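Report on the following structure.
Note that the structure is a prediction, hence the values are computed from the model and not measured. Lettering follows sequence order; numbering is per chain, from 1.
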Amino acid sequence: MPELPEVETVKRGISPHLIGCHLRGAVVRHRQLRLPLDQNLGEKLKGRKVCGVERRAKYLLIGVEGGTLLVHLGMSGSLRLEKESDPVRKHDHVDILLPRGKVLRYHDPRRFGLVRWLTTAPGKHRLLRHLGPEPLEKEFSADTLFSASRKRKAAVKSFVMDSKVVVGVGNIYASEALFRAGIRPTTPAGKVSKPRYETLTTQIKEVLQESIERGGTTLRDFRGAGGELGYFVQSLDVYGRTGEGCRCCGATIKTANIAQRSTFWCPRCQR
DNA sequence: AGTGCGGCCTGTCCGC
DNA sequence: TGCGGACAGGCCGCAC
């Protein structure tokens, strides 16, 4: 479900409700996520104060005195601020108990996500250690993209989705950024020129930034922390538009699988 | 070393 | 209406 703009939307939604709070504990209803959940999570969190909420790639890092709560939403996860008395739905696997009867509720039907309590530096965790640059930071530039791409034969679309190259570019925004840059997604990464990587870098930053400003993309079930929809779906140019006309030239949008992920492009605008 | 594939899970939608 | 199969926003670990 969530790509970087959706995770950023959740982060912005939950931050003001968490920072400064003393946690009352946690309720764990289903332990088996991508990594098994700590049975004693509640005991470990009890009484601790939340000092900050950060995002690294698609991971949320809830900074708590004495540790970090690492959360990933996988493909179908969501985090919502609710009241403890709100009915528990199927797949509400974890509640983080906040003051005054409020809870942060983790819901994930497919269970590809994770919730982990870390007491060491999160950046050194094996899941975060090898991550590439943040796309919206200065260190992600055409230079880094171009030099990393030399001699790489994989499709440029797979290349920009490689988290060692740059994080946070998922299946939707990879297709969208390549459309905006006029680059065909099947082109081998090593054959894309420097000027085209300049354009692609700019477009990756822009498409992610615009989506964050519209609250992310709701395709079927994405919601912000308060349950609100993401409106970027209205701005998608190619993703999910197979057989429809290109908004730019009118040609029919095509789709194919690249490395087992559906990929969308305009055969006329993207060469 | 880079690449592609299988697998983790449930829900939904489509064609028959 | 029911049923099987394909597919879904992520990403790790493995074999080649």
Side-chain angles (χ1 to χ4, degrees), chain A residues 1-10 29-37 55-60 70-79 89-94 106-116 125-132 135 147-178 185-191 204 207-208 211-212 214-224 229-236 238-243 255-264:
Chain A
M1 174 232 286
E3 294 199 24
L4 185 146
E6 291 73 50
V7 178
E8 182 65 25
T9 297
V10 171
R29 298 190 190 84
H30 199 313
R31 294 185 59 212
Q32 209 55 51
L33 303 181
R34 185 172 126 206
L35 297 175
L37 240 129
R55 178 188 57 73
R56 172 72 173 114
K58 295 171 191 168
Y59 291 93
L60 283 167
L70 181 69
V71 178
H72 195 289
L73 303 176
M75 201 87 127
S76 58
S78 59
L79 272 180
R89 296 170 299 164
K90 195 177 179 184
H91 308 302
D92 282 345
H93 305 314
V94 188
Y106 177 86
H107 176 91
D108 185 8
R110 291 177 75 180
R111 286 189 269 129
F112 287 174
L114 64 88
V115 177
R116 294 288 269 191
H125 192 276
R126 66 177 181 88
L127 294 170
L128 304 183
R129 210 177 348 181
H130 302 291
L131 294 176
S147 54
S149 70
R150 294 306 87 184
K151 296 186 181 171
R152 298 212 22 182
K153 293 175 184 160
V156 62
K157 193 242 186 180
S158 305
F159 174 68
V160 298
M161 288 179 68
D162 181 343
S163 63
K164 292 194 223 40
V165 174
V166 56
V167 300
V169 183
N171 206 36
I172 298 178
Y173 300 107
S175 280
E176 292 299 312
L178 286 161
T186 47
T187 312
K191 296 224 165 144
I204 287 172
V207 75
L208 294 175
S211 182
I212 291 169
R214 286 168 179 68
T217 298
T218 297
L219 287 182
R220 38 182 68 84
D221 54 7
F222 172 74
R223 293 292 188 280
L229 296 163
Y231 292 100
F232 193 74
V233 65
Q234 299 162 1
S235 307
L236 297 177
V238 288
Y239 187 89
R241 298 193 64 243
T242 313
T255 182
N257 272 358
I258 295 178
Q260 275 114 296
R261 308 304 301 276
S262 11
T263 306
F264 304 83

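Protein atom CG of Leu219(A) is 14 Å distant from nucleotide atom C1' of dG10(C), rounded to whole Å. One can place CG of Leu79(A) at 21 Å from P of dG9(C), the figure rounded to the nearest angstrom. When rounded to the nearest whole Å, the span between NZ of Lys58(A) and C1' of dC11(C) equals 9 Å. Rounded to whole angstrom, the span from the CZ atom of Arg261(A) across to the C1' atom of dG10(C) amounts to 6 Å. Residue Glu6(A) contributes atom CD, which lies 12 Å from atom P of dG9(C) at whole-angstrom precision. With rounding to whole Å, Arg129(A) atom CZ is found 17 Å from dC11(C) atom P. Whole-Å rounding puts the Leu128(A) CG to dC12(C) C1' distance at 13 Å. Distance Asn171(A) CG to dC11(C) C1': 12 Å, rounded to the nearest Å.
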Going through the checks in order, is the side-chain contact (heavy atoms from CB on, under 4.5 Å) test met by Leu131(A) and Lys164(A)?
CA-CA 5 Å; Leu131(A) 294 176; Lys164(A) 292 194 223 40; over 6 Å; no
Would Thr217(A) and Leu219(A) count as a side-chain contact (heavy atoms from CB on, under 4.5 Å) if you check the C-alpha gap in whole Å, the side-chain angles of each, and the deciding distance to 0.1 Å?
CA-CA 6 Å; Thr217(A) 298; Leu219(A) 287 182; 3.9 Å; yes
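What you find for Gly132(A) and Val167(A) is that their closest heavy atoms are O-CG1, 3.5 Å. Smallest separation of non-hydrogen atoms from Met161(A) and Arg261(A): CE-NH1, 3.8 Å. The two residues Ser211(A) and Glu6(A) come nearest to each other via the heavy atoms OG-OE2, 4.0 Å. Between Ala57(A) and Arg55(A), the shortest heavy-atom distance links the atoms O-NH1, 3.0 Å. Scanning all heavy atoms of the two residues, the minimum distance from Thr9(A) to Gly216(A) falls at OG1-N, 3.8 Å.
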Contact list (N/O, under 3.5 angstrom) for nucleotides 8-12 of chain B vs protein:
unit_1: dC9(B); atom_1: O3'; unit_2: Arg111(A); atom_2: NH2; d: 3.0
unit_1: dC9(B); atom_1: O2; unit_2: Arg110(A); atom_2: NE; d: 3.0
unit_1: dT10(B); atom_1: OP1; unit_2: Arg111(A); atom_2: NH2; d: 2.9
unit_1: dT10(B); atom_1: O4'; unit_2: Pro109(A); atom_2: O; d: 3.3
unit_1: dT10(B); atom_1: O3'; unit_2: His91(A); atom_2: NE2; d: 3.1
unit_1: dG11(B); atom_1: OP1; unit_2: Lys90(A); atom_2: NZ; d: 3.2
unit_1: dG11(B); atom_1: OP1; unit_2: His91(A); atom_2: NE2; d: 2.6

What pairs of nitrogen or oxygen atoms, one from the protein and one from nucleotides 3-6 of chain C, lie under 3.5 Å apart?
none

Polar-atom pairs under 3.5 Å, protein N or O versus N or O of nucleotides 13-16 of chain C: list them with distances, or write none.
unit_1: dG13(C); atom_1: OP1; unit_2: Arg126(A); atom_2: NH1; d: 2.9

Taking only N/O atoms, report every protein-nucleotides 1-5 of chain B pair under 3.5 Å with atom names and distance.
unit_1: dT3(B); atom_1: OP1; unit_2: Lys153(A); atom_2: N; d: 2.6
unit_1: dT3(B); atom_1: OP1; unit_2: Ala154(A); atom_2: N; d: 2.9
unit_1: dT3(B); atom_1: OP2; unit_2: Arg152(A); atom_2: NE; d: 2.7
unit_1: dT3(B); atom_1: OP2; unit_2: Arg152(A); atom_2: NH2; d: 2.9
unit_1: dC5(B); atom_1: OP2; unit_2: Gln260(A); atom_2: OE1; d: 2.8

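Distance noted for atom P between dC11(C) and dA1(B): 24 Å (whole Å).
Every stem involving DNA chain B, taken as at least 3 paired positions in a row under the Watson-Crick or G-U wobble test at 3.5 Å, is listed here: B:2-8 with C:10-16, B:10-16 with C:2-8.
By the 4.5 Å heavy-atom criterion applied to side chains, Leu73(A) and Phe112(A) are not counted as neighbours. In this structure, the side chains of Val165(A) and Val160(A) stay at 4.5 Å or more apart for every pair of heavy atoms. Residues Val71(A) and Leu114(A) form no side-chain contact, since every pair of their non-hydrogen atoms from C-beta on lies 4.5 Å or further apart. Side-chain contact between Ile258(A) and Ser158(A) is present, with at least one heavy-atom pair separated by less than 4.5 Å. A heavy-atom distance below 4.5 Å is not found between the side chains of Tyr173(A) and Leu4(A). In this structure, Leu127(A) and Tyr59(A) have side chains that are in contact, with non-hydrogen atoms separated by less than 4.5 Å. Side-chain contact between Phe159(A) and Ser149(A) is present, with heavy atoms from C-beta onward closer than 4.5 Å.
Not counting sequence neighbours, the partners of Ser175(A) by the side-chain contact (heavy atoms from CB on, under 4.5 Å) test are Lys157(A), Val238(A), Thr263(A), Phe264(A).
OP1 or OP2 of dG9(C) has not a single side-chain nitrogen or oxygen of Ser175(A) nearer than 4.0 Å. An OP1 or OP2 oxygen of dG9(C) is reached within less than 4.0 angstrom by no side-chain nitrogen or oxygen of Tyr173(A).
Taking a cutoff of 4.0 Å between a charged side-chain nitrogen and a carboxylate oxygen, Asp108(A) and Arg111(A) do not qualify as a salt bridge.
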